[in-house]
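In each ligand, atom 1 is the first atom listed, and ligand 1 is the first ligand listed.
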Amino acid sequence: MIVLGIETSCDETGIALYDTDNGLLAHALFSQIDLHVDYGGVVPELASRDHIRKTLPLITKVLASAELEKTDIDAIAYTAGPGLIGALLVGATIAEGLSYALDIPVLGVHHMEGHLLAPMLEDNPPDFPFLGLLVSGGHTQLVAVEGIGEYQILGESLDDAAGEAFDKAAKMLGLDYPGGPRVAALAEKALANFNGTPYRFPRPMTDRPGLDFSFSGLKTFTLNTTQKLSQQGKLIEKDRAQIALAFEEAVVDTLRIKCKRAIQHTGYKRLVIAGGVSANKRLRHALDEMCSRLNAEVFYARQEFCTDNGAMIAYAGAQRLAVGQRDGMNIQIRPRWPMDTLPPIKSGVVTV
Ligand code: KG4
Ligand code: ZN
């Protein structure tokens, strides 16, 4: 079965074709970063308008690169939530329209389930069960994953998501949106040129039991540190780099401590990290090291499939479409959608 995947939940238009027999056939992505950079973050109305411009041309492009016609598509999967309402509506209406025109099934997919399953597209995919660490711009969650749709949320952020914290810290350091990769690059400079960092930021909520997170305090810590220095007229490149490194170390260490606790609590031997922040090299390295000490294995997607993309939506949708799940003609997007309400695919429940 060849599934067309459509991702339009935020600031990336991602399109892919996934074949349940032959794997990923083609994918294409258009990032709207240039469109939003002057505003310091995603402007929802601009995002929706750009998805309208890009979705159909990208579908034509992936079909051409897979040397297929639209009549070769057997089913369509699109991101139905969570995400920006207008942006989601673009993908949903295009998916539903194509499904009607081509007379093929369509299914709305959960964006975070897409992220969680993205490492399945790699050569050495994880087996179930595993512990999932979802770290994106909107979510930070630890999830016990027994199978597709069998999710138990073990802990989550009580305030900012890890990616959101990166983006806000970036702003304070005078860096553009999206902040995560830019903070990481600046932190590298502290190591390469300035002997690391003298600052040590807190590891929030690690001194009490449980698996929840809180990242808003780190934002305040970053703000106070940068403000103090700039009031003294001392905020130079070296300080910015050292603050970036202290911030990144604090986020990574906090995630490591909570993942270790969750592995010890669940006894799982596999950890899957997914979502935009899983592209972070320091995080990957810290979790690789921690897991090898615990005799556990870490899995993550290739860099380009950590952040938003169509391949993860095509893959997640294909798994559910293959067991008969599909939506009707009503367009149902869910800007808020708890992942643990998804049906397990074993139960063969038809419709999400
Ligand atoms: O998964 P994603 O593309 O979109 C959402 O579903 O939110 O994640 C985007 C987030 C942004 O906050 C971005 O700053 C962060 O992932 N991010 C990173 C890195 N690359 C992207 N954070 C830290 N280090 C990175 N290398
Ligand atoms: Zn995402």
Side-chain angles (χ1 to χ4, degrees), residues 5-14 16 29-33 36-37 40-42 44 47 51 78-84 87-88 91 109-119 132-141 156-157 159-173 175-188 215-216 218-219 222 244-245 247-256 272-287 300-313 315-316 334-337 339:
I6 302 176
E7 156 62 37
T8 65
S9 69
C10 191
D11 58 348
E12 257 124 11
T13 316
L29 186 88
F30 182 83
S31 166
Q32 301 178 353
I33 288 176
H36 302 293
V37 73
V42 180
H51 287 308
Y78 68 94
T79 305
L84 301 172
L88 290 169
V109 170
H110 193 291
H111 180 79
M112 297 312 293
E113 179 173 76
H115 276 304
L116 185 69
L117 302 180
L133 172 68
L134 287 170
V135 270
S136 71
H139 291 78
T140 302
Q141 292 181 320
E156 59 193 333
S157 179
D159 40 56
D160 293 351
E164 189 180 358
F166 265 100
D167 294 336
K168 288 178 177 170
K171 251 187 202 174
M172 295 169 198
L173 292 165
L175 301 169
D176 279 340
Y177 175 86
R182 293 185 161 102
V183 170
L186 188 57
E188 271 318 300
F215 290 110
S216 69
L218 277 180
K219 182 180 65 187
T222 309
L245 180 58
F247 172 84
E248 191 186 39
E249 277 179 345
V251 174
V252 166
D253 208 32
T254 304
L255 293 171
R256 179 191 61 79
V272 167
I273 54 171
V277 184
S278 69
N280 186 278
K281 294 213 180 79
R282 196 173 305 282
L283 178 65
R284 290 177 171 209
H285 181 68
L287 295 179
Y300 32 74
R302 72 195 83 160
Q303 291 271 333
E304 63 181 324
F305 291 165
C306 288
T307 42
D308 293 349
N309 64 87
M312 67 184 196
I313 301 303
Y315 178 83
R334 301 174 192 214
R336 288 175 188 278
W337 190 3
M339 200 173 75

K.L.:
Does the distance from a Lys or Arg side-chain N to an Asp or Glu carboxylate O, for E249 and R256, drop under 4.0 Å?
P.N.:
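Salt bridge flag = no for R256 with E249.
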
K.L.:
Take the Zn ion (ligand 2) as the vertex and measure to NE2 of H111 and NE2 of H115; round to 10°.
P.N.:
100°

K.L.:
Below 3.5 angstrom, do we get any N/O pair linking G163 and ligand 1?
P.N.:
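N/O-N/O distance below 3.5 Å exists for this pair.
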
K.L.:
Using a 4.0 Å heavy-atom cut-off, say whether H111 meets ligand 1 through its side chain, its backbone, both or neither.
P.N.:
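It is the side chain that touches ligand 1; the backbone stays farther off.
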
K.L.:
By number and element, which atoms of ligand 1 are closer than 4.0 Å to a non-hydrogen atom of G180?
P.N.:
14 (O), 18 (C), 19 (C), 22 (N), 23 (C), 24 (N), 25 (C)

K.L.:
Specify the protein heavy atom at minimum distance from atom 12 (O) of ligand 1: its residue, its atom name, and the distance to 0.1 Å.
P.N.:
D167 OD2, 2.7 Å

K.L.:
Identify the protein heavy atom lying closest to atom 20 (N) of ligand 1, giving its residue, its atom name and the separation to 0.1 Å.
P.N.:
G276 O, 3.4 Å

K.L.:
Looking only at distances, please establish whether an N/O atom of ligand 1 is found under 3.5 Å from an N/O atom of A184.
P.N.:
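No; every N/O pair is 3.5 Å or more apart.
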
K.L.:
Work out whether the distance between some heavy atom of C10 and some atom of ligand 1 is less than 4.0 Å.
P.N.:
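No, that is not the case, since the closest heavy atom of the residue is not under 4.0 Å from the ligand.
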
K.L.:
So, is G275 polar-close to ligand 1, with some N/O to N/O distance under 3.5 Å?
P.N.:
no

K.L.:
Can you list the ligand 1 atoms lying under 4.0 Å from a non-hydrogen atom of G138?
P.N.:
7 (O)

K.L.:
Under 4.0 Å from ligand 1, counting heavy atoms only, is it the side chain of M112, its backbone, both or neither?
P.N.:
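Neither part.
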
K.L.:
Could you give the distance from CG (N309) to OG1 (T13), rounded to the nearest 0.5 Å?
P.N.:
12.0 Å

K.L.:
Nearest to atom 2 (P) of ligand 1, what protein heavy atom do you find, and at what distance?
P.N.:
D308 OD1, 3.3 Å

K.L.:
Looking only at protein heavy atoms, which one is nearest to atom 24 (N) of ligand 1, and how far off is it?
P.N.:
N280 ND2, 3.0 Å

K.L.:
With a 4.5 Å heavy-atom cut-off, do L245 and R282 have their side chains touching?
P.N.:
yes

K.L.:
Can you tell me the N, O or S atom of D308 that's nearest the Zn ion (ligand 2)?
P.N.:
OD1

K.L.:
Would you mind listing which atoms of ligand 1 come within a distance below 4.0 Å of any non-hydrogen atom of G137?
P.N.:
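Listed by number with element: 5 (C), 7 (O), 8 (O), 9 (C), 10 (C), 12 (O).
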
K.L.:
Parallel under 30°, tilted from 30 to 60°, perpendicular over 60°: which one fits the rings of F166 and F247?
P.N.:
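Perpendicular.
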
